[in-house]
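Here is the structure we will look at, set down as structure tokens.
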Amino acid sequence: MSKKIYGIIPPIVTPFDASGEIDEKALRQNVQFVLTRGVHGICFGGSTGEGHTLTSDELERVAEICAEEAKGQVPVIAGIITNSTRDAANKAKLMTKYAIDALQITPVHYVFKPDETATYNHFKTLSDTTDLPILIYNVVPWNYLAPDLLVKIMNEIPNVKGVKQSAGDLKLFADLMITAPDDALIFSAVDALLYPSFAMGSHGTIAANPAAVPGACVALWDAVQAGNHKLGREIHEALLRFWNTISADNLPANVKYALSLQGVDSGLPRAPMPKTSEAQAAKIKAALPEVLKYEKVAEPA
């Protein structure tokens, strides 16, 4: 890998305007915002970034903007959420034109679930398509890959370097941590349990909380790495209360709303996702200050 991939990696939101077009100025502002919070990388095109709604042309443009704004300071990871091996491979090829350091790719997510052999072959084809490192984004509830299959893929397919484990079951995460190859990268997207994930040795997180409150998540990471578990548990409790206010079917909209409260223009969710409701907004407003008190703000590079 050209850059070490670890730590707090926000899956940045994709700001849309009222007509559903990407607001490029706001996208640049979002990348700049997370960089001032000391994050260790950025990811675009993920679930929080509504990557499932992006066309190939839009994904390319987002890649170009994110790479320009990152300026090589931190790794840039491209999210690919598709329903076919062919489409995923085509998007992976497009990403090689930009300063992208790795790919985050889901298993297919429509209702027809491939068996384990088909899933293995899916990632084998993608590995053969690109030289970029691949992280499996293990998030699809009805196509959730078991630790044994993930370990087999990482052991046998060269470019698959790790997993972003996204279900709330910490036992599955723990099983993966003790069975994965020694050089595998295991990221936690269990937003409610980032603290125990870090304590168990996770290589970092690519998740919604870091997108909404990156500075507090960096503070949590630093506390655990320093062995300050008293502070770690304290930040965890604040983050958990905050997570409980944004966790919903319109999660990306709620992340955008939380960012707007911090002075970041994050635009609207893409239809048909609804905006943050008044009830949700009140809860987010109440929980946010208790999280932000832990962050340290850096000067822009």
Side-chain angles (χ1 to χ4, degrees), residues 5-13 34 39-43 46-49 51-52 77 79 81 102 104-107 109 135-151 154 161-180 184-225 229 231-252 254-255 258 284 287 291 294:
I5 298 175
Y6 75 100
I8 305 302
I9 303 176
I12 59 171
V13 299
V34 300
V39 301
H40 307 102
I42 62 170
C43 176
S47 300
T48 306
H52 57 289
I77 300 174
I81 305 174
Q104 171 189 276
I105 306 178
T106 62
H109 56 282
L135 302 176
I136 297 176
Y137 181 12
N138 196 23
V139 66
V140 183
W142 48 87
N143 192 14
Y144 200 72
L145 309 189
D148 287 350
L149 177 59
L150 293 168
V151 170
M154 287 187 285
K161 301 298 185 183
V163 175
K164 170 181 163 180
Q165 192 78 340
S166 298
D169 188 334
L170 203 61
K171 172 64 163 60
L172 290 175
F173 179 85
D175 286 340
L176 187 58
M177 287 294 301
I178 64 172
T179 56
L185 300 174
I186 309 300
F187 288 87
S188 173
V190 187
D191 279 274
L193 300 169
L194 293 181
Y195 166 65
S197 299
F198 295 168
M200 286 192 296
S202 169
H203 295 89
T205 179
I206 308 171
N209 260 348
V213 286
C217 292
V218 170
L220 174 62
W221 173 262
D222 289 346
V224 175
Q225 301 312 303
H229 290 280
L231 176 59
R233 288 193 298 271
E234 187 179 307
I235 300 172
H236 156 73
E237 290 177 1
L239 279 171
L240 177 56
R241 292 188 181 98
F242 174 74
W243 169 249
N244 289 339
T245 71
I246 65 171
S247 178
D249 286 337
N250 64 337
L251 173 62
N254 293 336
V255 171
I284 294 168
V291 175
Y294 295 104

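Everything quoted here is computed from the prediction, not taken from an experiment.
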Ile246 vs Asn209, side chain to side chain contact (heavy atoms under 4.5 Å, CB included): CA-CA, chis, key distance, verdict
CA-CA 9 Å; Ile246 65 171; Asn209 260 348; 3.9 Å; yes
Would Ile5 and Lys161 satisfy side chain to side chain contact (heavy atoms under 4.5 Å, CB included), going step by step from the backbone distance to the final call?
CA-CA 11 Å; Ile5 298 175; Lys161 301 298 185 183; over 6 Å; no
Apply side-chain hydrogen bond (donor to acceptor under 3.5 Å, both in side chains) to Ser188 and Ser202, showing your working.
CA-CA 6 Å; Ser188 173; Ser202 169; 5.2 Å; no
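Screening residues 234-245 for side chain to side chain donor-acceptor pair (under 3.5 Å) gives Glu234-Tyr294 as the qualifying pairs, with residues at least two apart or on separate chains.
In this structure, the side chains of Asn138 and Lys164 stay at 4.5 Å or more apart for every pair of heavy atoms. Contact annotation: the side chain of Pro147 approaches that of Leu172 to within less than 4.5 Å [non-hydrogen atoms, C-beta and beyond]. Here the side chains of Ile9 and Val39 are not in contact, with every heavy-atom distance at 4.5 Å or above. The shortest side-chain heavy-atom distance between His52 and Thr106 does not fall under the 4.5 Å cut-off. Side-chain contact between Phe242 and Ile284 is present, with heavy atoms from C-beta onward closer than 4.5 Å. Annotation: side chain of Ile186 is in contact with side chain of Met154 (closest heavy-atom distance under 4.5 Å). For the pair Cys217 and Thr205, the minimum side-chain heavy-atom distance is 4.5 Å or more. Taking the side chain as every heavy atom from C-beta outward, Ser247 and Asp191 never approach each other to under 4.5 Å.
Other residues, nucleotides and ligands contribute only 12 or fewer heavy atoms inside 6.0 Å of the OH atom of Tyr6.
Distance CD1/Ile77 to CD1/Ile206: 4.0 Å, rounded to 0.5 Å. In this structure, Thr179 OG1 and Asp148 CG are separated by 7.0 Å, a value rounded to the nearest 0.5 Å. Rounded to the nearest 0.5 Å, atoms CG (Leu193) and CG (Asp169) are 10.0 Å apart. Distance CG/Leu170 to CD/Gln165: 10.0 Å, rounded to 0.5 Å.
The aromatic rings of His203 and Phe187 lie tilted to each other, with the angle between the two planes from 30° to 60°.
Considering all non-hydrogen atoms of both residues, Asn254 and Ala248 come closest at ND2-CB, 4.0 Å. The two residues Pro214 and Ile8 come nearest to each other via the heavy atoms O-CG2, 4.3 Å. For the pair Cys43 and Gly79, the tightest heavy-atom approach, listed with the atom from each and the gap, is SG-N, 4.5 Å. Closest of all the heavy-atom pairs between Pro11 and Ala207 is CD-O, 2.8 Å. Listed here is the closest heavy atom pair of Leu240 and Ala192: CD1-CB, 3.6 Å. Minimum heavy-atom separation, Ser47 to Tyr137: OG-OH, 2.6 Å.
For Asp222, the salt bridge (Lys or Arg N to Asp or Glu O under 4.0 Å) test picks out no residue, with sequence neighbours left out.
Here the options are Val139, Val140, Val151, Leu150, the test is side chain to side chain contact (heavy atoms under 4.5 Å, CB included), and the partner is Leu145; only Leu150 passes.
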